[in-house]
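Residue numbers start at 1 and run along the sequence shown.
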Amino acid sequence: MSVDKIKDKFSVEYHLYNEFYRKSIFTTLILGTLTALAFFFAAFYFEEFIIQQTNIMAEQMLDADKEEPTNVQKFFSILLNNLFVGGMIILSGFIPVYGLPFIYGLLSFAAVGIITGYGIIMKHNVLQTMVIAFIPHAVIEIIPILYSVAIGMYVNKNMVRKVFLRKRKSEKVRNMLMQGSTSYIIIVIPLFLLAALVEAFITSFLVDIYL
């Protein structure tokens with residue numbers, strides 16, 4: 001691919017970001033933060049259930065007696081999981097049920113709220129754990145998740161218009177698939193790659209030293 005074609009791809013991407021993606025990204029970020037807070041407080045309501053499930057998982061991990069994965073294995077596991085999540089968020093946009101990608105995005109924030117609540121319930125030093133084991137990679141990882149939601153919502157809105165409103169101006173499915181794939185390849189994948197590198201190597205190093 002020539003340099004001019006790459007520039008054209010990023011130019012189109014920037015236009016889509018300004019016209020469509022940006023609003024979805026900031027909406028998801030704001031409502032996601034509120035969702036995380038709601039599930040954080042909800043975790044205390046289900047305190048007994050969380051402790052019970054934690055004990056069950058701990059017993060299963062002890063029974064499995066598996067070797068600790070290497071940093072390289074962690075990297076590929078994290079990367080593949082994140083790429084799968086981002087891809088599923090985008091693909092859910094092709095289902096003509098309005099808001100599905102947005103809901104999947106909020107679930108990621110809900111998980112953060114529950115995990116933080118769990119840390120306090122189990123009397124961990126949550127602030128220290130968050131700073132060392134979560135924030136270094138999360139500040140990077142959250143960007144491609146939000147971007148995946150934005151891509152998914154762009155597709156989702158057009159699919160709803162096409163199926164239910166019969167609007168001729170809605171994008172063709174082929175065009176949406178091509179644009180979604182392009183956004184995924186040039187924005188989402190590189191950021192997930194960077195986040196996985198940080199989590200597998202830098203975060204693991206910090207955890208080994210400070211936690």
Side-chain angles (χ1 to χ4, degrees), residues 1-33 36 69-94 100-112 115 130-159 171 173-207:
M1 185 178 290
S2 66
V3 176
D4 289 336
K5 286 185 177 179
I6 293 174
K7 287 182 179 179
D8 289 340
K9 292 288 184 184
F10 277 99
S11 177
V12 172
E13 191 67 27
Y14 183 72
H15 172 74
L16 281 171
Y17 170 79
N18 279 325
E19 293 295 322
F20 303 103
Y21 295 165
R22 183 169 57 181
K23 183 178 179 180
S24 293
I25 288 172
F26 284 101
T27 300
T28 306
L29 180 61
I30 293 169
L31 294 182
T33 302
T70 65
N71 287 345
V72 174
Q73 290 172 326
K74 289 179 182 177
F75 165 73
F76 283 108
S77 176
I78 294 165
L79 178 61
L80 291 174
N81 178 70
N82 287 343
L83 291 177
F84 175 78
V85 170
M88 290 303 296
I89 290 174
I90 295 170
L91 289 175
S92 70
F94 286 94
L100 270 184
F102 179 72
I103 293 171
Y104 281 124
L106 292 186
L107 289 176
S108 298
F109 284 89
V112 173
I115 292 170
M130 291 286 284
V131 170
I132 295 170
F134 181 72
I135 291 178
H137 65 270
V139 293
I140 303 171
E141 192 173 277
I142 192 63
I143 299 173
I145 289 176
L146 291 172
Y147 212 90
S148 296
V149 173
I151 298 168
M153 285 304 300
Y154 168 71
V155 172
N156 190 243
K157 288 176 183 177
N158 278 285
M159 288 299 297
E171 289 285 347
V173 175
R174 182 178 178 278
N175 291 342
M176 287 188 289
L177 185 60
M178 291 294 293
Q179 183 54 53
S181 299
T182 300
S183 298
Y184 184 72
I185 291 169
I186 68 175
I187 303 295
V188 176
I189 290 180
L191 288 172
F192 272 143
L193 179 65
L194 179 60
L197 284 169
V198 172
E199 185 173 359
F201 294 96
I202 297 176
T203 300
S204 295
F205 176 73
L206 294 175
V207 168

Open item on the list: Nearest 0.5 Å, please: how far is CD1 in Ile135 from CD in Glu141?
Closed with: 13.5 Å
- [ ] Find the distance between CD1 (Ile90) and CE (Met176) and round it off to the nearest 0.5 Å.
- [x] 13.0 Å
Task: Residues which pass ring pair (Phe, Tyr, Trp, His ring centres under 6.0 Å) with Phe20, listed by chain and number, not counting sequence neighbours - done: Tyr154
Task: Step-by-step side-chain contact (heavy atoms from CB on, under 4.5 Å) determination, Phe192 to Ile145 - done: CA-CA 9 Å; Phe192 272 143; Ile145 289 176; 3.9 Å; yes
Open item on the list: How long is the straight-line distance from CG of Leu146 back to OG1 of Thr28, given to the nearest 0.5 Å?
Closed with: 6.0 Å
- [ ] Would you check if the side chain of Thr27 reaches a backbone N or O of Lys23 as a donor-acceptor pair within less than 3.5 Å?
- [x] yes
TODO: With rounding to the nearest 0.5 Å, note down the distance linking CD1 in Ile185 to CD in Glu13.
DONE: 10.5 Å
Task: Derivation of the side-chain contact (heavy atoms from CB on, under 4.5 Å) call for Tyr104 and Val85 - done: CA-CA 9 Å; Tyr104 281 124; Val85 170; over 6 Å; no
Task: Closest non-hydrogen atom pair, Gly93 against Met159 - done: O-CG, 3.7 Å
Task: Ser92 side chain vs Ile89 backbone, donor-acceptor pair below 3.5 Å - done: yes
Task: Heavy-atom side-chain proximity of Phe102 to Asn156 below 4.5 angstrom - done: no
TODO: Looking only at non-hydrogen atoms, find the nearest pair between Gly86 and Ser148 and report the distance.
DONE: CA-OG, 3.6 Å
- [ ] Flag the pair Asp8 / Val12 as yes when at least one side-chain heavy-atom distance between them is below 4.5 Å, and no otherwise.
- [x] no
- [ ] Ignoring hydrogens and angles, tell me if any N or O in the side chain of Thr203 forms a donor-acceptor pair with the backbone of Ile132 under 3.5 Å.
- [x] no
- [ ] Please name all residues satisfying ring pair (Phe, Tyr, Trp, His ring centres under 6.0 Å) with Tyr147, sequence neighbours left out, ordered by chain then number.
- [x] Tyr21
Open item on the list: Using side-chain contact (heavy atoms from CB on, under 4.5 Å), reason through Phe134 and Val112 one step at a time and then give a plain yes or no.
Closed with: CA-CA 10 Å; Phe134 181 72; Val112 173; 3.8 Å; yes
TODO: Kindly state each residue pair satisfying salt bridge (Lys or Arg N to Asp or Glu O under 4.0 Å) with at least one member in residues 70-83, sequence neighbours excluded.
DONE: Glu68-Lys74
- [ ] Answer yes or no: is there a donor N or O on one side and an acceptor on the other, between the side chain of Ser77 and the main chain of Gln73, under 3.5 Å?
- [x] no
Task: Rounded distance [0.5 Å steps], OG1 in Thr33 versus CG in Leu106 - done: 10.0 Å
- [ ] Quick one: do Tyr17 and Ile25 satisfy side-chain contact (heavy atoms from CB on, under 4.5 Å)? Show the steps, please.
- [x] CA-CA 9 Å; Tyr17 170 79; Ile25 288 172; 3.8 Å; yes
Open item on the list: To check you understand the geometry: which heavy-atom pair defines the closest contact between Ile186 and Lys9, and what is its length?
Closed with: CD1-O, 4.3 Å
Task: Euclidean distance, Leu177 CG relative to Leu91 CG, rounded to 0.5 Å - done: 8.0 Å
TODO: Considering non-hydrogen atoms only, spot the tightest contact between Ile151 and Ser183 and give its length.
DONE: CD1-CB, 3.3 Å
TODO: Please report the closest heavy-atom contact between Ser204 and Ala200, naming both atoms and the distance.
DONE: OG-O, 2.9 Å
- [ ] Write down the atom of Val131, the atom of Pro136, and the distance for their closest heavy-atom approach.
- [x] O-CD, 3.2 Å
